[in-house]
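What follows is a short report on a single structure.
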Amino acid sequence: MNKRVLGAVVTVLALTLVGCSGKASEDKGDATDKSGLKTGQGVTDSTITLGSLTDMTGVYASLGKSVTQAQQLWVKETNAAGGICDRKIELTVRDHGYDPQKAVAAYTELAPEVLGFTQFIGSPFVAAVEQRIDGQDKGIVLPQAWSASLLGSPYIRVIGATYDVETINLVDYLLTEKRIAKGDKIGQVYFEGDYGENALAGAKYAAEQAGLTLVEQKIKPTDNDMTAQVAALKQAGVKAIIISAGPRQAASLVGVAAATGFNVPVVGNNSAYAPQLLATQAGPALLKDYYIAASTLPIGDAGPGPSKLAKAYAAQYPKDGLDNGVIAGYNAASVFGEALKKACESKDLTREGVDKALLTITDFGSDFGISHDFSDPKAPSTKQSVIMKPDAKAPGGLKVVRPATIAPAAESYTVK
């Protein structure tokens with residue numbers, strides 16, 4: 001995360017907590033119904049209320065919209081099937097617009113009212129309230145972020161490979177395809193802060209294991225023109241580039257490289273792509289030699305999970321396009337739903353009961369290409385990554401070029 005952003009978030013958090021009425025820390029107490037089911041915050045005799053802290057109007061608006069609508073679709077389907085534990089699911093959504101003050105205020109507002117959160121976009125914002133989540137609120141939070149710094153919390157649970165592991169798998173793909181070899185230089189353009197630096201840690205480990213030299217180019221999230229970075233990497237003689245930034249930076253980097261005759265493969269983390277890029281001037285270059293990794297199949301895959309979801313989403317939101325945010329959002333809501341079902345079976349729908357239930361889930365989500373294990377809060381739910389390539393003909397703009405795989409270097413790597 002951007003350290004200046006995090007500082008601002010922490011400051012805002014402190015002010016928010018000082019100025020709040022104490023509602024967030026209010027203990028409403030648990031109750032037990034006639035059937036012996038324990039319930040707590042966010043649960044009534046007829047409803048289970050979950051929270052969604054998203055970005056519908058800021059820098060990740062496209063992702064936030066897809067994630068949120070997919071989760072609303074999951075709620076609709078779940079309720080149509082009878083709900084969970086004889087209760088309907090309600091999803092309370094707050095758009096923070098990727099603004100620190102709004103994000104913290106939204107968490108403060110919803111924390112006392114919901115059982116947990118099916119999404120929280122923005123790792124700086126999640127990190128800013130982590131101490132409160134772990135020490136006071138103790139409700140499950142499923143962030144739409146993959147930084148290793150979020151591991152270790154019993155309540156903040158990362159779904160998928162963390163950025164460092166994902167980057168190791170990307171480097172392994174280049175090695176396996178013989179696009180790079182021992183002794184080569186590879187470049188990495190990365191955001192300053194948590195996301196980029198976590199990806200950098202993985203790249204350094206992969207480079208060391210494979211006998212590669214890593215050439216670094218740090219950028220800010222506000223840097224949109226990658227001309228200088230491409231020139232520096234070209235001069236350094238790198239044979240491939242890793243982009244650990246946003247879609248806009250990826251498009252600029254790939255487009256500038258192609259325009260200057262710098263024809264090397266570029267690989268990116270899951271946050272470094274959006275199908276809308278294919279309609280830009282960088283589209284042809286992205287289609288040629290660009291690859292990204294993620295911990296699910298793409299929404300356009302012919303497998304039963306993605307194809308069923310794509311059909312249902314298109315029917316519910318016919319005016320909106322498909323992207324991988326749809327799978328990410330639906331998958332997260334489904335994980336929470338599975339924990340709720342197990343908690344119901346154990347007669348404990350309190351926050352503590354749902355947390356214990358989540359720890360028992362060891363094989364979830366195979367319909368979307370990868371099984372996830374939530375039994376260890378200190379580890380990502382998987383070390384596998386699917387490698388994909390942009391494809392203008394595929395729904396969602398991606399096709400699989402390598403199925404879910406763990407690189408040998410990722411197997412031996414210790415996530416920190």
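Each of Arg87, Lys347, Lys38 was scored for a salt bridge (charged side-chain N to carboxylate O under 4.0 Å, His left out) with Asp33, with one residue passing: Arg87. Between Pro265 and the choices Lys288, Arg179, Glu177, the side chain to side chain contact (heavy atoms under 4.5 Å, CB included) rule is met once, by Arg179.
Lys378 contributes no side-chain N or O that, together with a main-chain N or O of Gly152, makes up a donor-acceptor pair within less than 3.5 Å. Between the side chain of Asp99 and the backbone N or O of Lys102, at least one donor-acceptor pair lies under 3.5 Å. Using a distance-only test at 3.5 Å, with no hydrogens or angles considered, a donor-acceptor pair links the side chain of Asp55 to the main chain of Thr57. The backbone N or O of Gly139 lies less than 3.5 Å from no partner atom in the side chain of Asp137, so there is not a single donor-acceptor pair. For Lys234 (side chain) and Thr260 (main-chain N/O), a donor-acceptor pair under 3.5 Å exists by modelled atom type. Counting only distance, with no hydrogens or angles, the side chain of Asn169 and the backbone of Ala407 share a donor-acceptor pair below 3.5 Å.
Side-chain contact annotation: Glu77 with Tyr330, donor-acceptor N/O pair under 3.5 Å present. Between the side chains of Thr382 and Ser295, not a single donor N or O lies within less than 3.5 Å of an accepting N or O.
Thr350 places none of its side-chain heavy atoms less than 4.5 Å from the side chain of Thr39.
Checked against the 6.0 Å centroid threshold, Tyr107 and Phe117 count as a close aromatic pair. Close placement of the Tyr98 and Phe125 rings is indicated, their centers lying within 6.0 Å of each other.
Classified by interplanar angle (parallel below 30°, tilted 30° to 60°, perpendicular above 60°), the ring pair Tyr173/Tyr291 is tilted.
No more than 12 heavy atoms of other residues, nucleotides or ligands lie within 6.0 Å of NZ in Lys185, so this atom counts as exposed by the packing criterion.
Between Arg94 and Glu109 there is a salt bridge, with a side-chain nitrogen of the basic residue lying less than 4.0 Å from a carboxylate oxygen of the acidic one.
With sequence neighbours left out, the ring pair (Phe, Tyr, Trp, His ring centres under 6.0 Å) criterion links Tyr205 to Tyr413.
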